[in-house]
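Just so you know, these numbers come straight off a predicted model, no measurement behind them. Just so you know, ligand 1 is whichever comes first in the structure, and atom 1 is the first atom listed for that ligand.
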Amino acid sequence: MPDNDSLKKIFLAELNIAASVAELQQLRVKYLGKKGALTAQLKSLSTLPAEERRSFGKTVNDLKEFIETEISARASVLGNADLRKRLASEAIDVTLPGKYTPCGSEHPINKVLKEITDVFITMGFGVEEGPQVELDYYNFEALNMPKNHPARDMQDTFYITDDVMLRTHTSPVQIRVMEQKKPPLRFIAPGKVYRCDADVSHTPMFHQVEGLMVDTDISFSDLKGVLETFIHRIFGPDTPVRFRPSFFPFTEPSAEVDIGCVFCKRRGCPVCKSTGWLEILGAGMVNPHVFEMVGYDPEAYTGFAFGMGVERITMLKYSIDDIRLFYENDIRFLRQF
Ligand code: PHE
């Protein structure tokens with residue numbers, strides 16, 4: 001059995017190389033545990049002659065205390081070092097660039113559709129919807145276009161049966177809402193419409209926003225005020241606006257509304273065909289025949305209606321020269337909005 005002095009030396013050597021709190025714990029067991037070296041020393045006490053026991057016992061106890069103090073002191077040093085090491089290894093470098101998650105963006109048509117809707121909502125208009133698969137009655141008949149009416153040829157219709165078709169405009173929503181509600185009425189009806197037509201300015205599916213306002217004293221000047229406000233909000237307050245006489249079976253009088261060419265500022269260019277003006281929507285006062293079809297008294301009520309193409313407005317707003325770009329899903333195009 002080693003004497004107390006060499007025990008102390010061995011302990012100090014081992015203490016020196018202990019590199020972690022866990023290793024210190026092993027040292028504690030090795031020296032002070034039930035089967036530890038010092039415990040063994042104490043047990044040997046009984047084998048000593050009586051006169052040596054006292055001083056030997058004191059030496060062992062001193063050594064025990066010494067070992068305890070040394071281990072605790074070392075443990076607090078190593079514990080701090082462990083913590084520092086952990087903090088260093090788990091540190092977050094806030095200057096590193098973040099992880100990039102690819103993210104979609106709103107389609108330009110939806111974006112402009114929302115802008116248009118917002119402008120009318122601020123003017124007190126509600127929002128209505130109708131079906132895209134529509135009956136002849138709503139798409140044509142009730143809009144003052146009986147069978148064989150020449151105006152039906154203005155729109156190349158996708159027929160499903162003789163009486164059912166893809167709607168060619170959002171105007172049927174006018175009829176559906178007037179059948180359901182009594183005046184006063186003030187709403188827009190955005191949505192998809194379909195025509196058998198395809199070139200740089202036509203796709204078989206496109207979007208329209210219909211508008212209808214009906215009350216006892218609605219005049220053409222109300223129509224002008226609403227549409228001018230709308231155009232100035234979408235294209236800027238200095239945009240020139242022109243109302244040009246036109247014809248629609250469901251409005252009388254009818255007008256087409258032009259804005260000063262956004263490309264050449266009315267100096268004349270190929271887009272406006274040197275006229276300086278671009279057509280952006282159709283409008284007019286609701287034809288009394290239409291009121292009769294829905295059971296409104298044409299003597300009591302007047303109203304105005306308008307309809308615009310969202311693709312066309314988006315193209316003018318962003319100077320896009322080919323409507324097909326909207327539906328080719330080329331993300332280099334779509335990302336720009
Ligand atoms: N529905 C017409 C079209 O698609 C536009 C329009 C709507 C004209 C309402 C007048 C009034 O061409």
Colleague: Share the residues that join V193 in a hydrophobic cluster, the rule being Ile, Leu, Val, Met, Phe, Trp or Tyr side chains under 4.5 Å apart at the heavy-atom level.
Modeller: F206

Colleague: Angle between ring planes, Y301 versus Y296, binned at 30° and 60°: parallel, tilted or perpendicular?
Modeller: tilted

Colleague: From atom 9 (C) of ligand 1, work out which of Q208, E210, H169 has a heavy atom at the shortest distance.
Modeller: E210

Colleague: For ligand 1, find out whether one of its N or O atoms is nearer than 3.5 Å to an N or O atom of Q174.
Modeller: no

Colleague: With a cut-off of 4.0 Å, which atoms of ligand 1 are near a heavy atom of R195?
Modeller: 3 (C), 4 (O), 12 (O)

Colleague: Backbone, side chain, both or neither: what part of S254 comes under 4.0 angstrom of ligand 1, heavy atoms only?
Modeller: neither

Colleague: Less than 6.0 Å separating the ring centroids of F333 and H107?
Modeller: no

Colleague: Which ligand 1 atoms are under 4.0 Å away from a heavy-atom of F306?
Modeller: 7 (C), 9 (C), 11 (C)

Colleague: Check each atom of ligand 1 against the heavy atoms of S171 and keep those under 4.0 Å away; list them by number with element.
Modeller: 1 (N), 7 (C)

Colleague: For Y194, check ring-ring contact (aromatic ring centres under 6.0 Å, His included) against everything at least two apart and list the hits.
Modeller: none

Colleague: Could you see if V29 belongs to whatever hydrophobic cluster contains L27? Use Ile, Leu, Val, Met, Phe, Trp, Tyr and a side-chain cutoff under 4.5 Å.
Modeller: no

